*Asks:* 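Below are the structure tokens for one structure; questions will follow.
Everything numeric here is computed off the predicted structure, so don't read it as measured data.
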Amino acid sequence: MEGDDETSGPMIDEIYANGDNNRTRKPIFSGDQLDIEVYASLYAGRTKIMRLLFIADRCGEKNNTTMQLEALRMAYDEIKKGENTQLCREVVQKIDGRLGAGYDLDVAWAENVDRRAEQKKEKLENELNAYRTNLIKESIRMGYNDFGDFYYAHGQLGDAFKSYVRTRDYCTTSKHIIHMCMSAILVSIEMGQFTHVTSYVSKAEQAPESLDLVTVSKLRCAAGLANLKAKKYKLAARKFLETSPDLGSHYNGVIAPQDVATYGGLCALATFDRTELKAKLVPEVRELINDFYSRLVAAQIGRCYDSIEAGEARFKQELDLAVTTRIIDIKREIVMICVVPFERQRGLALGQWHGCLPWGNGKVACLVTWSSSLEFNHYASCLEYLGNLKANLLLDIHLHDHVETLYNQIRHKALIQYTLPFVSVDLNMMANAFKTTVAGLEKELEALITNNQIQARIDSHNKILYARHADQRNATFHRVLETGRVFDRDVRDMLLRSNLIKHEFNLRASRKL
């Protein structure tokens, strides 16, 4: 491979090492089957049920009956805690008796819930009519808000949205407006109406004096989901990266902390350039990792604690605490797990600590490794980690439509980044680095060249990619000539203006009557 400067030697060594089949790089976690119970515990309310039903539908398409029935069972149990009888009937129909008599439709429960719902609705209507008669704005607002909550609980999302929006005319403070916007955003996300989400996020942000950190984080997440749905991945990544750690689990009725990291990390890897990745996904918090690393070494040699076992246990507790308290902060998360590539360089095996990471199926942990792998040019490792996650990401209700697109963008960016520093690239070495065939690699490069994403040409006979660098000498001459033309034009304009002024040939503005 021929590089632009003398630094290509170490880079070639890195490329060979990256594609070495004898070198093993253990992923943080394998593509094991999703633990539905752990996954569902991250959410609450209606979104928990809808995510479980989505998983059941996807597993049904793939004939994974075990996961499908497990998801339907958990969805049924969760529905019975609420008042949505229509959704319960739909789930029972999907179960179709495969879970036994305990998961058939409870007719008595459904009739009781429907009867109480009618009574409550009649009561709310009477109260709202009384409030309208008395013309008490705050009471009318609360009445419509109660109606919205009622409809939302019973799965009538359209009526719930209308009720929440009607409170707008009776809001008297900015906090009331924010509450209305948050309610409308929640229902809009459930209905999939993300244009409404964007609109009400903007309205809520117009009253910044009444926004606390948690509410701001909720708005960032909602905006991120709307941009993700609109396939504006870079804007989505920025919104998720702006989410504050104060969010915690306060918005688990819509999104979990792990989702913020997963969505933000994937979108960032697909759209951010290398500088942005280093600045935003691998920031200056490396000192935190160095601190943990020093504690691990101390624990291993038994200097800080009575025994190595006690030191290791203490280290695991501290790592759990530190990561959990920063679960939303993407910047710190990325650095936190960057200990994985760092420990390989330092010669210590931290595989025993992977199990203590408090992230269920380990999505966030892999996000960090992807970003650090891109930073250190470990392309094959990055794509391997992505491959391990793909099956589970396809079960995500918001992300499944975008997984293929994001994965393709990440791979294309890796290919572009690989070829960027070189004048010529051996396709055999490149295919080895990406663990693919030369023929497959050629097709990918042809598509990138056709789309003008890589300025190069392929020597198919010798299997070499030659970069097409611009003729700097010719470009310099063109810039000089263009500068001369601009200077000549400006001088002529100045001379014309000075002559017009000299001969008093100017047009005075007429006075307005």
*Asks:* Of all the heavy-atom pairs spanning T271 and Y233, show the shortest one and how long it is.
*Replies:* CG2-CB, 3.6 Å

*Asks:* Considering only heavy atoms from C-beta outward, does the side chain of I177 approach that of K203 to under 4.5 Å?
*Replies:* no

*Asks:* Salt bridge check: are E446 and K443 linked by an N-O gap of less than 4.0 Å?
*Replies:* no

*Asks:* If I take atom OG1 from residue T47 and atom CD1 from residue I189, how far apart are they, to the nearest 0.5 angstrom?
*Replies:* 8.5 Å

*Asks:* Has K62 got a side-chain atom pairing as donor or acceptor with C59's backbone, closer than 3.5 angstrom?
*Replies:* no

*Asks:* Which atom pair, heavy atoms only, marks the closest approach of V197 to A226?
*Replies:* CG1-CB, 4.1 Å

*Asks:* Which pair of heavy atoms, one from R220 and one from E205, lies closest together, and at what distance?
*Replies:* NH1-OE2, 3.2 Å

*Asks:* Main chain of L211, side chain of T215: is a donor-acceptor contact present, judged purely on distance under 3.5 Å?
*Replies:* no

*Asks:* Does any part of the side chain of I449, heavy atoms only, come nearer than 4.5 Å to the side chain of L465, both counted from C-beta?
*Replies:* yes

*Asks:* Under a 4.0 Å threshold between the charged nitrogen and the carboxylate oxygen, would R51 count as salt-bridged to D396?
*Replies:* yes

*Asks:* Regarding N408 and T405, do their side chains bring together a donor and an acceptor under 3.5 Å, going by distance alone?
*Replies:* no

*Asks:* Do the non-hydrogen side-chain atoms of R238 and F272 ever get within less than 4.5 Å of each other?
*Replies:* yes

*Asks:* Can you name the closest pair of heavy atoms from A56 and Q68 and give their distance?
*Replies:* O-CG, 3.4 Å

*Asks:* Using a 3.5 Å distance criterion without hydrogens, assess whether the side chain of D488 forms a donor-acceptor pair with backbone atoms of G484.
*Replies:* no

*Asks:* Apply salt bridge (charged side-chain N to carboxylate O under 4.0 Å, His left out) to residues D493 and R497 and explain how you reach the verdict.
*Replies:* CA-CA 6 Å; D493 290 344; R497 176 177 174 77; over 6 Å; no

*Asks:* How many angstroms lie between atom CD of Q409 and atom SG of C267, to the nearest 0.5 angstrom?
*Replies:* 9.0 Å

*Asks:* Checking S249 side chain against N252 main chain: does a donor-acceptor pair fall under 3.5 Å?
*Replies:* no

*Asks:* Between L72 and L53, which heavy-atom pair has the shortest distance, and what is it?
*Replies:* CD2-CD2, 4.0 Å

*Asks:* Could you tell me whether a side-chain N or O of H402 sits under 3.5 Å from a main-chain N or O of L228, the two making a donor and an acceptor?
*Replies:* yes

*Asks:* State whether the number of non-hydrogen atoms from other residues, nucleotides or ligands found under 6.0 Å of K463 atom NZ is greater than 12.
*Replies:* yes

*Asks:* Once the angle between the rings of H196 and F161 is folded into 0 to 90°, is it parallel (under 30°), tilted (30 to 60°) or perpendicular (over 60°)?
*Replies:* parallel

*Asks:* Indicate yes or no: at least one non-hydrogen side-chain atom of L445 is less than 4.5 angstrom from one of M430.
*Replies:* yes

*Asks:* Under 4.5 Å between any side-chain heavy atoms of S244 and V216, yes or no?
*Replies:* no

*Asks:* Under a 3.5 Å distance rule, please check whether S199 uses its side chain to pair with a backbone N or O of T195 as donor and acceptor.
*Replies:* no

*Asks:* Any non-hydrogen side-chain atom of R46 less than 4.5 Å from a side-chain atom of Y152?
*Replies:* yes

*Asks:* Between Y418 and F434, is the ring centre distance below 6.0 Å?
*Replies:* yes

*Asks:* Can a salt bridge be assigned to the pair E37 and R73 using a cut-off of 4.0 Å between side-chain N and carboxylate O?
*Replies:* no

*Asks:* Do V187 and S183 come close enough that some side-chain heavy atom pair is under 4.5 Å?
*Replies:* no

*Asks:* Flag yes if more than 12 heavy atoms outside H179 fall under 6.0 Å of its NE2 atom; otherwise flag no.
*Replies:* no

*Asks:* Does the side chain of V438 reach to within under 4.5 Å of the side chain of N428, using non-hydrogen atoms?
*Replies:* yes

*Asks:* Verify side-chain hydrogen bond (donor to acceptor under 3.5 Å, both in side chains) between E61 and N64, making sure each step is shown before the conclusion.
*Replies:* CA-CA 8 Å; E61 294 173 1; N64 190 340; over 6 Å; no

*Asks:* State the NZ-CG distance between K218 and L213, to the nearest 0.5 angstrom.
*Replies:* 12.5 Å

*Asks:* Taking all non-hydrogen atoms of both residues into account, name the closest pair between Y251 and I185 and its distance.
*Replies:* OH-CG2, 3.9 Å

*Asks:* Around atom CZ of R492, are there more than 12 heavy atoms of other residues, nucleotides or ligands at under 6.0 Å?
*Replies:* no

*Asks:* If we ignore hydrogens and angles and just use 3.5 Å, is the side chain of Y466 paired with the main-chain N or O of D459 as donor and acceptor?
*Replies:* no

*Asks:* CG/L393 to CG/L399 distance, rounded to the nearest 0.5 angstrom?
*Replies:* 5.5 Å

*Asks:* Taking atom types as modelled, is there a side-chain donor on N392 or Y39 under 3.5 Å from an acceptor on the other?
*Replies:* no

